[in-house]
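Take a look at the structure below.
Just so you know, these numbers come straight off a predicted model, no measurement behind them. In what follows, chains are A, B, ... by sequence order, proteins preceding strands, each numbered from 1.
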There are 2 protein chains.
Amino acid sequence: MDLDKKPGIVFIGAGNLATNLAVALFNSYYQILQVYSRSEKSAMELAAKVKSSYTTEISKIVSDGDIYFISVPDKAIQGIADSLNIKRGIVVHTSGSTDIQILSRFKANGYGVFYPFQTFSKSRIIPFNDIPICLNADCDKTYSQLNRIALMISNKVARLDSQTLTWLHLAGVFVNNFTNHLLVVSKQISQEKNFDFELLKPLVEETVKKAFEGNPQAAQTGPAVRFDQNTINLHIEKLKEYSPELAEIYKALTLSIQSLSNKN
Amino acid sequence: MDLDKKPGIVFIGAGNLATNLAVALFNSYYQILQVYSRSEKSAMELAAKVKSSYTTEISKIVSDGDIYFISVPDKAIQGIADSLNIKRGIVVHTSGSTDIQILSRFKANGYGVFYPFQTFSKSRIIPFNDIPICLNADCDKTYSQLNRIALMISNKVARLDSQTLTWLHLAGVFVNNFTNHLLVVSKQISQEKNFDFELLKPLVEETVKKAFEGNPQAAQTGPAVRFDQNTINLHIEKLKEYSPELAEIYKALTLSIQSLSNKN
């Protein structure tokens, strides 16, 4: 990287994560050279936010960027890696569940994983300061360059290998996707059974607070951990009428809570 | 109730909920006359916190309280209701999953449900202001007396019938017990796979924030809603080795997310 000028970044992808990350980099120190997306609308919208040019053709991606962020759906990464034709610049992807070696073509440039561990929406640009950025790199030199960039936008940077990243991503599915789904079904229940979803908010917030302040296992309460079979049966009966899938979720989670409690 | 003197409250039970509720009532306006618990240690500890007397014998519970809070495990409520021998005073229980009619013996006094919708620990006394208190009562007169008490400690009071309370409690199991369990297993994974559990905190907090600010279903991300079968298979394979129960939870929640997404 030429340290006399602002490093120039190319974004391949203009989705939720790309949008939040590009805006954070743009707002810190970096120049966004170009945004690529198959969707002209997405490319144009992100380009406007970060004052860059844009393209919808892979062959027109500029070849002299300092860093290329591949931030596309997991299954599209390989295709981009195969067709990206550049002279220089580190190439990273932003996926927590894709191996770093998918980018091994770029050995001469340096390659890595730059994985901001958060859930993003295009319509909700959130500050990056507290978002952990998980890095993996082909070598120490690339790592130190990625680390410098990550520290410009976040104060939580961790270096993790591919295996650990996969487990982190899996834990993310549990605490984000699955927790969100529990909130989705609770919201539906509240609407159909006529109580205010907001009633649940202090309980959820306290649950999360407790889990990170202490020992969430010791904090477990409720019918499962009490082995309160009357209440469990009542709940399963009600859920079966309401939604058999939810009854299955209830059973699986109850068994898992009880099995953990038996082990300890 | 005699409005010239502070209403006197009797607590039957000295567990997590009873402790937090008794302290909140004591700190607001009320006099705690007596604490009953089968465990002398629990009774004595709570009595010390709220400057009351205590007993471990049901027959020695004072008979002229203004309100009796039965805050014991669900399956013990019936026994208490049967053996409680009092002259006057409204009788309420604090359980979200027990019908109000379990207290119908106290028709002459007035009876009800006084259910603070939160997760409590004895060791963590939390402010009541924002904790929703859900009320059910045998009649409007009792309701208005319970409502007055609830509003002394909280600014969120809702009147809900038995059926609705049951569904609220069930939603509470989803967002508290089950979410907490997802956090428990994620913490275990983080410890065994060597990453910092704290990495998950901003993600969980954002998940909860988003769910109450907007539409959690529209905010759903991850392999399930993307129908990303490669990642789903990879995760299930890894989980099967790690814990077959977790693999079952993963499958049940993934199917439920996908089924909801198909319906919309």
Side-chain angles (χ1 to χ4, degrees), chain A residues 74 97 117-119 121 130-132 158 160 164 167-168 170-187 189-190 193-195 199-208 211-212 216-217 219-224 228 231 235 238 245 248-249 252-253 255-257 259, chain B residues 74 97 117-119 121 130-132 158 160 164 167-168 170-187 189-190 193-195 199-208 211-212 216-217 219-224 228 231 235 238 245 248-249 252-253 255-257 259:
Chain A
D74 290 359
S97 52
F117 193 60
Q118 184 52 286
T119 171
S121 308
D130 293 326
I131 297 176
L160 303 175
T164 311
W167 281 106
L168 175 69
L170 218 167
V173 169
F174 276 87
V175 304
N176 167 254
N177 305 161
F178 292 170
T179 295
N180 187 61
H181 187 61
L182 296 174
L183 290 164
V184 168
V185 300
S186 300
K187 185 166 183 173
I189 289 173
S190 75
K193 303 300 176 184
N194 289 313
F195 61 85
L199 289 174
L200 298 169
K201 195 178 177 191
L203 179 61
V204 184
E205 287 176 344
E206 176 72 3
T207 305
V208 171
F212 286 95
Q217 195 176 344
Q220 188 61 277
T221 58
D228 174 355
T231 305
H235 283 171
K238 286 203 164 275
E245 278 149 23
E248 289 310 309
I249 289 176
L253 281 158
L255 279 179
S256 179
I257 291 172
S259 138
Chain B
D74 290 358
S97 52
F117 194 60
Q118 184 52 285
T119 172
S121 309
D130 293 325
I131 298 176
L160 303 176
T164 311
W167 281 106
L168 174 70
L170 218 167
V173 169
F174 276 87
V175 304
N176 168 254
N177 304 162
F178 292 170
T179 295
N180 187 60
H181 187 61
L182 295 174
L183 290 164
V184 167
V185 300
S186 300
K187 186 166 183 173
I189 290 174
S190 76
K193 304 299 176 184
N194 290 312
F195 61 86
L199 288 175
L200 298 169
K201 195 177 175 191
L203 179 60
V204 184
E205 287 175 344
E206 177 71 4
T207 305
V208 171
F212 286 96
Q217 194 176 346
Q220 187 61 276
T221 57
D228 173 354
T231 304
H235 284 171
K238 285 202 164 276
E245 277 149 26
E248 289 311 310
I249 289 176
L253 281 159
L255 279 179
S256 178
I257 291 172
S259 137

- Heavy atoms, side chains only, cut-off 4.5 Å: are B/Glu245 and A/Leu255 in contact? no
- Just give me the residue among B/Leu160, B/Leu183, B/Val175, B/Asn180 that pairs up with chain A most often, heavy atom to heavy atom, under 4.5 Å. B/Asn180
- Of the backbone (N, CA, C, O) and the side chain (C-beta and beyond), which part of A/Val173 lies under 4.5 Å from a heavy atom of chain B, both, or neither? side chain
- Applying a strict 4.5 Å limit to non-hydrogen atoms, the region of A/Ala224 in contact with chain B is neither
- Segment of A/Thr231 engaging chain B (4.5 angstrom heavy-atom cut-off): side chain
- Query: Does the side chain of B/Ile189 reach to within under 4.5 Å of the side chain of A/Leu168, using non-hydrogen atoms?
  - Reply: no
- Would you call A/Phe174 and B/Leu200 a side-chain contact if the rule is heavy atoms closer than 4.5 Å? no
- Applying a strict 4.5 Å limit to non-hydrogen atoms, the region of A/Lys201 in contact with chain B is both
- Query: At what distance, to the nearest 0.5 angstrom, does CG of A/Leu253 lie from CG of B/Asn177?
  - Reply: 10.0 Å
- Query: Tell me, side chain or backbone of A/Asp228 under 4.5 Å from chain B's heavy atoms, or both, or neither?
  - Reply: side chain
- Query: In terms of heavy-atom pairs under 4.5 Å with chain A, which of B/Val204, B/Thr164, B/Ile257 leads?
  - Reply: B/Ile257
- Any luck finding a side-chain donor-acceptor pair between A/Asn176 and B/Thr207 under 3.5 Å? yes
- Query: In chain order, what residues pass the ring pair (Phe, Tyr, Trp, His ring centres under 6.0 Å) check against A/His235, with sequence neighbours excluded?
  - Reply: A/Tyr250, B/His169
- Residues in ring pair (Phe, Tyr, Trp, His ring centres under 6.0 Å) contact with B/Phe117, at least two apart in sequence or another chain: B/Tyr115
